[in-house]
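All values reported here derive from a predicted model rather than from experimental measurement. Per chain, numbering begins at 1; letters A, B, ... match sequence-line order.
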Amino acid sequence: MTNNKTKKKRVYLDYAATTPVDKAVVKSMLPYFTEKFGNPASIHSAGTEANKALEKAREIFANYLSCDLSEIFFTSSATESNNWALKGIARAYKNKGNKIIVSSVEHDCVLNSAKWLSQNGFEIEYAPVDEFGTVDLEKLKKMITKETILVSIMHSNNEIGTLQPVKEIGEICKEKGVLFHTDAAQSFGKMPINLKKVNIDLLTASSHKIYGPKGVALLYIRKGTLIEPLLHGGGHERGKRSSTSNVAGIVGFAKALELCLKEMQDEKLRQTQLRDKIIKNILKNIPNSHLNGHPKNRLFNNVNMRFDFIEGEALMMELDNKGIEVSTVSACASSTLQFSHVLLACGIEEKYAQGTIRISLGRYTTEKDVDYLLEVLPKAVEKMRKISPLNVENWKM
Amino acid sequence: MYTDKVLEYFRKPKNLGKIKDADGVGKVGNLACGDMMYLYIKIKKDGKKEIISDVKFQTFGCVAAIATSSAITDMVKGKTIEKALELSKDSIIESLDGLPPIKIHCSVLATEALAEAIYDYLSKNKRPIPESLQKKHDQVIKSNEILEEKYEEWVEHQEE
Ligand code: FES
């Protein structure tokens with residue numbers, strides 16, 4: 001992504017928000033819009049052809065997760081999968097208990113589903129995290145009671161990138177006899193996830209985070225788990241999720257996963273190096289800057305930094321002006337003027353949370369892009385600090 | 001989401017900085033997102049008229065906060081105190097071709113900073129304070145105290 005005179009230089013560093021669809025993925029999808037347009041629910045030839053593609057895709061996911069084909073359910077988004085997991089389990093197990101535990105750093109779609117359930121007879125408890133955003137296992141253990149039906153804790157955090165100890169959480173849940181759901185939207189396709197080895201009952205994944213199209217996602221539901229559908233209709237997805245299957249989208253999602261798996265090891269290495277280069281460089285060269293999240297135990301493509309005395313939206317837009325696209329969770333940038341619940345849960349004070357930006361890398365991020373960021377960012381921070389009255393010279397009149 | 005004018009003011013802020021020997025300084029903050037704005041004015045007497053001859057600002061806040069504080073300095077430069085006090089948030093917003101609804105409060109902050117700077121000038125010179133200005137001031141100082149306390153230690157312990 002280089003510049004010429006008419007085109008402004010653009011460096012996209014917001015892969016945790018969404019990713020471009022890989023060209024090979026687009027190519028794999030195209031036939032399913034035109035010549036192979038059939039409805040997999042039809043039993044004539046066109047339908048059968050589409051159904052074959054659908055089931056072939058399902059196999060790719062089942063292989064990756066080491067689970068059964070019948071345990072994969074396609075949905076329209078991670079938001080739908082998470083809503084379904086929480087509401088569907090709550091309704092199916094309401095006679096067993098009414099308590100659901102979620103971590104305090106979940107994505108809004110889990111938190112707001114939980115909130116909705118709390119207004120409908122369920123009791124929600126929030127598992128605390130430490131300063132790095134890691135769930136406290138001892139406290140979690142103590143929170144689970146006879147009334148608990150479900151624990152929902154994300155595989156890795158979308159803001160600060162912290163990886164959760166899902167294996168241990170799975171063991172705790174198994175021991176206590178409660179279901180465990182994990183939102184793996186950010187982890188899926190970036191690392192091996194073996195459901196034979198890790199006790200997970202429900203898992204959410206999304207296509208557009210892994211260079212697949214938007215509007216496709218899945219929910220893995222372990223065999224034998226009861227769940228009420230969210231969508232009632234023609235009985236697609238073995239009666240659990242009605243809606244005509246998004247064949248092209250699902251084929252693309254599967255192709256996207258295949259590509260991720262092929263390059264997983266190399267990309268992990270490459271992006272980890274770039275990630276650590278950015279973190280080290282910023283901490284060294286920009287005074288009053290801090291890393292949010294765990295220093296090591298984090299997604300290989302996630303950098304989340306805070307800069308004192310400035311506000312995140314302004315910094316983000318200054319970077320955008322220089323062609324660099326990142327994201328921020330500052331209160332000013334939120335639609336409700338609220339501070340990031342993730343940063344607050346990590347014990348970071350509001351004032352510190354304000355100057356936070358997230359830089360997330362991806363398949364097309366080059367060393368050159370990173371160098372450009374590292375050249376622009378210190379100047380941008382300095383410019384914003386010049387504008388800010390919060391420095392020693394100006395503070396006291 | 002922002003208009004070109006907002007972005008223009010944000011990218012190349014006018015009248016940025018501090019006036020060391022300012023005649024009036026307005027410091028205001030916003031408790032919702034914790035932002036702060038400082039506005040400095042210099043007054044020149046022209047016969048009976050008091051004119052804002054120079055004005056500068058500093059802002060810890062979002063794009064809209066920086067753009068509106070920059071815009072207000074542009075609008076009041078060369079104006080009499082009375083005229084400056086008449087300036088409403090709506091005229092600032094208009095001059096920027098609009099602001100997203102959630103960012104309206106940032107423009108309020110800018111008008112408050114200006115009012116405070118004028119209040120500071122008038123009170124330093126032992127001049128009568130218009131009632132509406134006094135009212136605004138009383139509201140502003142409360143949130144200022146909270147914010148200054150919040151930021152005090154942070155600011156003083158920063159690395160060079
Ligand atoms: S200063 Fe916080 S929203 Fe504008």
Side-chain angles (χ1 to χ4, degrees), chain A residues 283-290 306-323 328-340 343-344 348-357 379-397, chain B residues 1-2 6-8 10-13 15-22 24-40 56-67 69-70 100-103 105-106 113 120 147-160:
Chain A
L283 289 176
K284 185 166 160 248
N285 294 322
I286 305 182
N288 304 292
S289 62
H290 318 267
R306 55 179 203 270
F307 304 95
D308 295 343
F309 319 117
I310 58 177
E311 188 280 323
E313 184 201 89
L315 179 59
M316 177 190 111
M317 290 303 283
E318 175 61 20
L319 290 173
D320 185 53
N321 187 28
K322 296 282 184 288
T328 178
V329 290
S330 87
C332 296
S334 105
S335 58
T336 47
L337 294 183
Q338 253 155 48
F339 289 92
S340 150
L343 297 179
L344 296 187
I348 293 166
E349 282 176 54
E350 287 181 355
K351 62 184 177 213
Y352 292 110
Q354 190 63 317
T356 286
I357 59 166
K379 291 180 202 151
V381 171
E382 203 184 292
K383 179 175 172 191
M384 290 300 123
R385 283 184 179 157
K386 267 212 188 102
I387 297 177
S388 173
L390 300 189
N391 54 63
V392 181
E393 194 201 333
N394 301 320
W395 184 245
K396 285 266 161 69
M397 295 295 300
Chain B
M1 109 185 208
Y2 287 121
V6 172
L7 291 176
E8 179 68 23
F10 166 71
R11 284 173 190 154
K12 296 194 195 92
N15 309 309
L16 171 67
K18 179 179 184 173
I19 301 177
K20 286 235 169 69
D21 54 345
V25 182
K27 294 184 184 183
V28 294
N30 165 3
L31 287 181
C33 40
D35 305 307
M36 292 209 80
M37 207 178 271
Y38 286 14
L39 206 129
Y40 310 82
K56 281 195 163 33
F57 83 95
Q58 288 166 320
T59 295
F60 165 54
C62 72
V63 171
I66 292 171
S69 45
S70 179
I102 193 154
K103 297 292 187 178
H105 72 272
C106 316
D120 185 46
L147 285 172
E148 285 191 9
E149 197 184 285
K150 185 165 154 183
Y151 294 145
E152 177 91 63
E153 218 186 313
W154 191 33
V155 171
E156 281 178 5
H157 289 94
Q158 60 186 273
E159 303 161 17
E160 285 301 303

Chain B heavy atoms under 4.5 Å from [X]: which part of the residue, side chain, backbone, both or neither?
{"X": "A:E318", "value": "both"}
{"X": "A:T328", "value": "neither"}
{"X": "A:L337", "value": "both"}
{"X": "A:S330", "value": "neither"}

Pairwise side-chain contact, [X] with [Y], heavy-atom cut-off 4.5 Å (strictly under):
{"X": "A:T356", "Y": "A:I348", "value": "no"}
{"X": "A:F309", "Y": "A:M384", "value": "no"}
{"X": "A:E382", "Y": "A:K386", "value": "yes"}
{"X": "A:S289", "Y": "A:V381", "value": "no"}

Most contacts with chain A, counted as non-hydrogen pairs under 4.5 angstrom, among B:M1, B:M37, B:H105: B:H105

Residue among B:V63, B:D35, B:L7 with most heavy-atom pairs under 4.5 Å to chain A: B:V63

Mutual orientation of the aromatic rings belonging to B:Y151 and B:W154 [parallel < 30°, tilted 30-60°, perpendicular > 60°]: tilted

Cationic tip of A:R306 above A:Y352 ring, under 6.0 Å, 45° of axis: yes

Toward chain A, the part of B:A65 with a non-hydrogen atom under 4.5 Å: neither

Side chain, backbone, both or neither of B:N30 within contact of chain A (heavy atoms, under 4.5 Å): neither

Best-contacting candidate, A:T336, A:N288, A:I310, against chain B by heavy atom pairs under 4.5 angstrom: A:N288

